[in-house]
Amino acid sequence: MAHVEPAHLVELALGHGTASEEDAGALRHIDRCRRCRDELRTMTRVVTAARTAQLVDLPAAPPERVWQRITQDLSPRPPAPRAPGDRTKRDRLLATACAVTLLAAAVTAAHRARRPRTGAG
Ligand SMILES: [Zn+2]
């Protein structure tokens, strides 16, 4: 079996694994393959860190329009006015979304760095 695709490793790290044969095969491969096991371990650490991140952990606070866009994309109805107490929950979701985006970028970069170069380029 080929190595587990980075996107699949991210899903497993996020806890989105299912009882499907595809996931079972991936987990069997991970059990035998040090490279995939190390990648899954790294991604799991990043996901854990992302889920516990606070907005103050980000290098800069994202602009308000980022949250508005996320709300629009996730909600089928117009967003309700926010109560003052919603800020912590909102900030945590935003920090997680940013961290997961950084994770995806890091995984993509790592995957590209490991891929052998082919052809004349
Ligand atoms: Zn592998």
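Treat the numbers as computed from the prediction; the structure is a model and nothing was measured. Every number for a ligand or one of its atoms is a count from 1 in the order of the listing.
Vertex the Zn ion (ligand 1); arms to C33 atom SG and C36 atom SG; angle 120° (nearest 10°).
Between D31 and R28 there is no salt bridge, since no side-chain N of the basic residue sits under 4.0 Å from a carboxylate O of the acidic one.
Within H29, the N, O or S atom lying nearest to the Zn ion (ligand 1) carries the name NE2. As for H3, its N/O/S atom nearest the Zn ion (ligand 1) is the one called ND1.
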Report task. Please assess L12 against I30 for the test side chain to side chain contact (heavy atoms under 4.5 Å, CB included), listing each intermediate value before the final yes or no. Result -> CA-CA 11 Å; L12 292 172; I30 290 166; 3.8 Å; yes
Report task. Determine, step by step, whether R69 and R65 satisfy the side chain to side chain contact (heavy atoms under 4.5 Å, CB included) criterion, reporting the C-alpha distance in whole Å, the side-chain angles of both residues, the deciding distance to 0.1 Å, and the verdict. Result -> CA-CA 6 Å; R69 182 61 191 267; R65 69 178 183 279; over 6 Å; no
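Put simply, the side chain of E22 reaches to within 4.5 Å of the side chain of H8, judged on heavy atoms.
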